[in-house]
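Notes to accompany the following structure.
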Amino acid sequence: MTVAAPPPVRRAPVPPLQPRIRRELVDAAAVVAGLGFGAALALPIANETASAYRAPGGPAILFGNITAMGGTWLLLIMLLLAARIPTIESVVGHDRMLRWHRLLSPWPLALLSAHAFLTTVGYAQSARTGTWHQAGVLLSSYSWMVAATASWLMLLAIAAVSIRIARRRIAYDTWWVIHLYTYLAVALSFLHQIFDGSEFVGHQTARTAWIVVWLATAGVVLVSRVGLPVLRTARHQMQVQEVRREGKGVISLILTGRDLDQLGAAGGQFFSWRFLTRGLWWHAHPFSLSAAPTRTHMRVTIKTLGDTTAILARLRPGTRVAIEGPYGVFTDAHRVHNRVALFAAGVGITPVRALLEEIPAGVDVITVVRASKDGDLLFRKEITDLVAHHRGRLIEMVGPRTRNRLDPVNLHKLIPDLATRDVFVCGPDGFANQVEHSARYLGVGSDALHREIFEF
């Protein structure tokens, strides 16, 4: 391990920090989501009569209806969490929204599975017949029951490929295509609920309100995931200007376009990129900016790990690029202290290098970079120059992980005042998890801990 530059010297006065982003909108959205969930559960209860509840199968049918409403409401929330709504994403962050999406994901499937089971059992008890016989009757008697069953099977398949072990064994392209079926599954579920759901029989107001909720959700998803990307792509006319080799298996794409400053992108953020050429146009690639954007240029740096990313090394200048973003809160706008500690490993250096450009002069900067060998230190000269510009410290940790651990003891030795700094960390999960755990142990608050995760 080598430590470049002397300890920090006395700094000039630091400009005021950027104001904390207001969270009122996110809090309001959470309240609306909670109230909506309560209303969805209450609707079947409000429609239930005492005589119907006391009839054979009444309790099972009631709880089947409750789980149906609760499961579909949570399914809508899952879609919104993955919709990358700009206003909310800019406050919460893409990583956190995806984390909430994954934590929530088992519950809609569990509730909808409970709905199918309880409803079948309830009607079987009411008809005094067998459960399997009643399942066949339901499939043949209700117009959208087959569609609902197909929807449930799709959700099961999507859940199966989303398990961490399975997700690591399949290609991103395959995972992405399978996840597109979520939208079809949701649409089939909606049609079944509207046309077959007993909650809406004779309750036109409730039916209308539920349709409005679904259409509003679909509108938000379409605007965020389709409308805005198409508009930005058409407006900014981005294309590949140059493919630059940075090292073994690592390339940078220099991209040019019109009025790119109006995108509002910041160093540390990422876009989803679609390269409009054969074999690539249909698939979005999430890559971080590796340099602060300008009015006419952006740069992304990519480690060519598989067949798809290897194709990017052969892109020709002039290739058109469709964009979705910018995303992420790994930016100086979310800094809360006048001191920062930046941690990067491997290709995780890309957003850290871009972030370094946008941290104001006078902020106390310590940058820790880890790699297995010297040749793996990307942008070594650029990082050195940027840290020197800040009169900060650059700590290079080269060698085996066992020799360069960032546990609480070693991290405290490296940066004794870590608790008074914002911590930005990006890199492989093992590296990022260790830094995050150690930082929390040493007193870094959640509002000062910023992490960029390379994971789909």
Side-chain angles (χ1 to χ4, degrees), residues 84 86 89-90 92-99 172 229 232 236 238 240 243-244 246-247 249-257 260-261 263-275 283-294 297-306 308-309 312-313 315 321-335 340 342-359 367-371 376-380 382-383 386 422-429 431-432 435-436 449-456:
R84 301 176 183 175
E89 198 276 343
S90 65
V92 177
H94 176 75
D95 287 346
R96 186 175 298 175
M97 291 182 72
L98 278 186
R99 195 177 308 130
Y172 177 88
R232 288 169 175 169
H236 297 287
M238 294 190 70
V240 176
V243 179
R244 182 182 300 165
E246 304 288 359
V250 180
I251 61 169
S252 285
L253 301 180
I254 312 302
L255 308 164
T256 185
L260 300 184
D261 55 322
L263 281 167
Q269 290 189 302
F270 72 95
F271 287 78
S272 286
W273 311 87
R274 292 181 188 272
F275 300 95
H283 172 55
H285 303 263
F287 298 135
S288 294
L289 299 173
S290 60
T294 69
H297 287 85
M298 290 185 180
R299 183 180 77 177
V300 295
T301 301
I302 305 153
K303 190 170 185 179
T304 54
L305 295 172
T308 302
T309 51
L312 298 177
L315 283 174
V321 183
I323 57 172
E324 185 180 348
Y327 299 121
V329 293
F330 197 78
T331 67
D332 185 68
H334 290 77
R335 177 172 53 87
V340 299
L342 313 177
F343 295 85
V347 77
I349 194 62
T350 56
V352 169
R353 184 252 176 261
L355 178 61
L356 265 171
E357 280 191 88
E358 299 206 335
I359 295 175
T367 303
V368 180
V369 182
R370 192 168 80 178
D376 293 337
L377 290 171
L378 292 174
F379 303 122
R380 194 172 194 176
E382 294 181 26
I383 296 293
L386 286 167
D422 278 74
V423 172
F424 291 82
V425 57
C426 186
D429 280 352
F431 168 80
V435 173
E436 182 178 357
L449 185 56
H450 318 276
R451 180 175 175 181
E452 187 73 35
I453 303 174
F454 286 167
E455 185 179 6
F456 61 82

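No hydrogens, no waters, no symmetry mates; every other heavy atom, side chains included, goes into these values. Treat the numbers as computed from the prediction; the structure is a model and nothing was measured.
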(message) Any non-hydrogen side-chain atom of T331 less than 4.5 Å from a side-chain atom of E358?
(response) no

(request) Apply the test side-chain contact (heavy atoms from CB on, under 4.5 Å) to residues V240 and V321: give CA-CA distance (whole Å), side-chain angles for both, the deciding distance (0.1 Å), then the verdict. (result) CA-CA 7 Å; V240 176; V321 183; 4.0 Å; yes

(message) For a 4.5 angstrom cut-off between non-hydrogen side-chain atoms, does L260 reach H297?
(response) no

(request) Examine distances only and state if a side-chain atom of W273 and a backbone atom of F287 form a donor-acceptor pair shorter than 3.5 Å. (result) yes

(message) Please find the pair of heavy atoms, one from T301 and one from S252, that lie closest to each other, and give the distance.
(response) OG1-OG, 2.7 Å

(request) Compare all side-chain heavy atoms of V300 with those of L289 and state whether any distance is below 4.5 angstrom. (result) yes

(request) Side-chain contact test, heavy atoms from C-beta onward, threshold under 4.5 Å: evaluate it for P293 versus F271 and give yes or no. (result) no

(message) side-chain hydrogen bond (donor to acceptor under 3.5 Å, both in side chains) for S290 and R353? Distances and angles first, verdict last.
(response) CA-CA 6 Å; S290 60; R353 184 252 176 261; over 6 Å; no

(request) Step through it carefully: locate the ring centre of H450, locate the ring centre of F424, and say whether they are under 6.0 Å apart. (result) yes

(message) Counting C-beta onward and ignoring hydrogens, is there a side-chain heavy-atom pair between M298 and L263 closer than 4.5 Å?
(response) yes

(message) Can you confirm whether V243 sits close enough to L253 that some side-chain heavy atom of one is under 4.5 Å from a side-chain heavy atom of the other?
(response) yes

(message) Looking at every heavy atom in both P428 and A345, which two are closest together, and how far apart are they?
(response) CD-O, 3.7 Å

(request) Could you pull out the closest heavy-atom pair between H334 and D422, with the gap in Å? (result) O-OD2, 3.9 Å

(request) Applying ring pair (Phe, Tyr, Trp, His ring centres under 6.0 Å), name anything that partners F431, two or more places apart in sequence or on another chain. (result) none

(request) Return yes if some donor-acceptor pair links the side-chain N/O of R232 with the main-chain N/O of G325 below 3.5 Å, else return no. (result) yes

(request) Write down the atom of R335, the atom of D332, and the distance for their closest heavy-atom approach. (result) NE-OD1, 2.6 Å

(request) Could you please spell out the steps behind the side-chain contact (heavy atoms from CB on, under 4.5 Å) verdict for L342 and I359? (result) CA-CA 11 Å; L342 313 177; I359 295 175; 4.2 Å; yes

(message) Given 3.5 Å as the limit, does a donor-acceptor pair link the side chain of E357 with the main chain of A292, or not?
(response) yes

(request) Determine whether I383 and L377 make a side-chain contact, defined as any pair of heavy atoms from C-beta on separated by less than 4.5 Å. (result) no

(request) Could you tell me which non-hydrogen atom of M97 sits nearest to which non-hydrogen atom of E89, and how far apart they are? (result) SD-CA, 3.7 Å

